[in-house]
Amino acid sequence: MAAFTTHTPCQATPLHPNIKILTQNANTKTVHKATSSLHHYSSISSLFSQTKSTLFSNSGSGSSWLRHNPLHDDASSGSGSRQGPIYSVFRTKPAEVASVEDLFEFICSGPLVDKMGLTQEKVAESIDKWLFYGSKLCRLFQLDELYLTTPQKARFYHYYIPVFVWCEDQISQHASKFKDGEEIPPLVIGFSAPQGCGKTTLVFALDYLFRITGRNSATLSIDDFYLTAGGQAELREQNPGNTLLELRGNAGSHDLPFSVETLTALSKLTKEGMKMKLPRYDKSAYSGRGDRADSSTWPEVEGPLTVVLYEGWMLGFKPLANEVVKAVDPQVKCAFGLAATDLVFIYVILTPN
């Protein structure tokens with residue numbers, strides 16, 4: 001039903017010393033197109049435009065700053081009217097992004113480009129889209145697109161946008177499997193990576209890009225399926241002395257049937273007029289112990305849904321033999337036994353047959 005992959009953040013990558021030569025030796029028409037497109041976007045900067053902003057309370061992010069950050073977007077669904085930061089037309093120093101050719105070379109030097117099977121020619125053919133996405137991300141994160149630092153450029157052009165382009169390709173491949181007139185269920189894309197590495201922010205950015213390009217998307221985190229406060233208390237009582245289950249976080253502290261039920265329901269959101277609320281978890285409840293947020297606060301998504309972005313640090317984990325885990329910690333068997341097996345079931349429904 002869906003594709004499942006793992007992405008980790010990319011570090012800023014210095015330009016390859018031969019990239020200039022490679023660009024010069026590339027097809028003249030291709031390089032000319034990329035350069036002219038970049039100059040066009042540099043001269044018509046989005047810094048001189050005003051776009052609608054909105055609060056994507058239904059963005060599905062787990063962090064409060066993401067839920068309340070004004071998104072600067074051209075989508076007609078925006079509910080806010082606050083404008084993004086306006087920069088002075090008269091600069092006091094040269095722009096960091098001096099030319100489109102430099103940015104084109106920077107994009108082609110990204111570590112994900114080769115893994116995605118992209119060539120310089122393919123990047124040049126779609127350079128207008130790359131620049132459009134970069135401009136919108138600058139507005140989203142309130143950055144001046146002419147003064148991006150190298151780490152900021154790497155964040156957008158080496159990480160967020162390549163992953164978005166990959167997702168778009170996966171959606172196209174998914175849709176091609178259905179005949180004309182058939183209802184196409186949304187593609188579920190899982191993101192699994194270590195805690196604190198930026199999964200939530202990545203999914204936040206991808207959800208935004210999907211929306212400004214006209215796709216209905218939904219975002220979920222494995223955190224949204226933690227047990228309720230009552231369920232956590234019951235779990236502690238059933239496993240006295242097991243420190244792995246005293247608080248939420250580990251396998252065994254999630255409501256797995258609820259997560260399967262939610263993903264199954266989202267897969268049926270294929271028609272206009274169909275709506276569904278996305279569960280959310282309040283980590284601040286009960287002095288930080290957490291509880292499922294009241295359903296009246298859950299964001300709502302509408303059909304037809306194109307893609308579901310599902311992130312979590314242990315998506316796709318598989319159980320090990322009890323003898324193996326006992327060597328790590330005797331409590332692990334009790335904490336993970338059945339739960340680990342159930343996690344595999346979630347992984348299976350996320351991956352294609």
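The analysis underlying the following values was restricted to heavy atoms, covering all of them including side chains, and did not include hydrogens, waters or symmetry mates.
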Quick one: pull up [atom1] in [X] and [atom2] in [Y] and give me the separation to the nearest 0.5 Å.
X    : Y    : atom1 : atom2 : value
Q195 : T200 : CD    : OG1   : 10.5 Å
I222 : L256 : CD1   : CG    : 7.5 Å
C138 : F156 : SG    : CZ    : 5.0 Å
H174 : Q170 : NE2   : CD    : 10.5 Å
S126 : E168 : OG    : CD    : 11.5 Å
C108 : E121 : SG    : CD    : 8.5 Å

Is a donor on one side and an acceptor on the other found under 3.5 Å between the side chain of [X] and the backbone of [Y]?
X    : Y    : result
T297 : D294 : yes
S217 : F210 : no
N250 : L244 : yes
K136 : I212 : no
T228 : G231 : yes
W298 : A293 : yes

Between K283 and D291, does any NZ, NE, NH1 or NH2 come within less than 4.0 Å of an OD or OE carboxylate oxygen?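 Salt bridge absent between D291 and K283.
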In plain terms, say whether K268 and E183 are close enough for a salt bridge, that is, a side-chain N and a carboxylate O under 4.0 Å apart.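 Salt bridge absent between K268 and E183.
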Could you tell me whether the side chain of [Y] reaches within less than 4.5 Å of the side chain of [X], counting heavy atoms only?
X    : Y    : value
P299 : R280 : yes
I189 : V308 : no
L131 : L103 : yes
W166 : L112 : no
P279 : T262 : yes
I171 : R215 : yes
Y159 : P111 : no
E145 : S135 : yes

Identify whether NZ of Lys or CZ of Arg in R248 sits under 6.0 Å from the centre of the six-membered ring of Y281 and within 45° of that ring's axis.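 No; the conditions do not both hold, so R248 does not lie above the ring face of Y281.
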In terms of side-chain heavy atoms, does [X] have a donor or acceptor partner in [Y] at a distance below 3.5 Å?
X    : Y    : value
N242 : E246 : no
S253 : Q232 : no
T219 : D207 : no

For Y286, is the OH atom crowded, meaning more than 12 foreign heavy atoms sit under 6.0 Å from it?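 Open.
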Heavy-atom neighbours of E182 CD exceed 12 at 6.0 Å: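 Enclosed: over 12 neighbouring heavy atoms sit under 6.0 Å from CD of E182.
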Sole residue of D282, D255, D223, D224 in salt bridge (charged side-chain N to carboxylate O under 4.0 Å, His left out) with R292: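 Testing each of D282, D255, D223, D224 against R292, the sole residue satisfying salt bridge (charged side-chain N to carboxylate O under 4.0 Å, His left out) is D255.
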Testing the basics here: between [X] and [Y], what is the closest heavy-atom pair and its distance to 0.1 Å?
X    : Y    : value
A229 : G290 : CB-O, 3.7 Å
S267 : P186 : O-CD, 3.5 Å
E272 : P304 : CG-CD, 3.6 Å
A205 : Y160 : CB-CD1, 3.8 Å
C197 : A193 : SG-CB, 3.5 Å

Would you say [X] and [Y] are hydrophobically clustered, going by side-chain heavy atoms of ILVMFWY under 4.5 Å?
X    : Y    : result
L278 : M274 : yes
F178 : L305 : no
M276 : I184 : no
L202 : M116 : yes

May I have the step-by-step check of side-chain contact (heavy atoms from CB on, under 4.5 Å) for L220 and L309, ending in yes or no? CA-CA 6 Å; L220 290 168; L309 305 175; over 6 Å; no
Does the pair Y310 and F191 meet the rule for a side-chain contact (heavy atoms from CB on, under 4.5 Å), with working shown? CA-CA 6 Å; Y310 189 26; F191 297 85; over 6 Å; no
Check for me whether the distance between the ring centres of F164 and Y133 falls short of 6.0 Å.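 That pair passes the under 6.0 Å test.
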Decide if the gap between the ring center of Y226 and the ring center of H254 is smaller than 6.0 angstrom.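 Yes: the rings meet the under 6.0 Å criterion.
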Residues L143, L148; criterion side-chain contact (heavy atoms from CB on, under 4.5 Å); working and verdict: CA-CA 7 Å; L143 296 173; L148 293 178; 4.0 Å; yes
The test is side-chain contact (heavy atoms from CB on, under 4.5 Å); show your working for N216 and V301 and say whether it passes. CA-CA 8 Å; N216 286 344; V301 292; over 6 Å; no
How are the rings of F258 and F225 set relative to one another: parallel (under 30°), tilted (30 to 60°) or perpendicular (over 60°)?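 If you compare the ring of F258 with that of F225, the planes turn out perpendicular.
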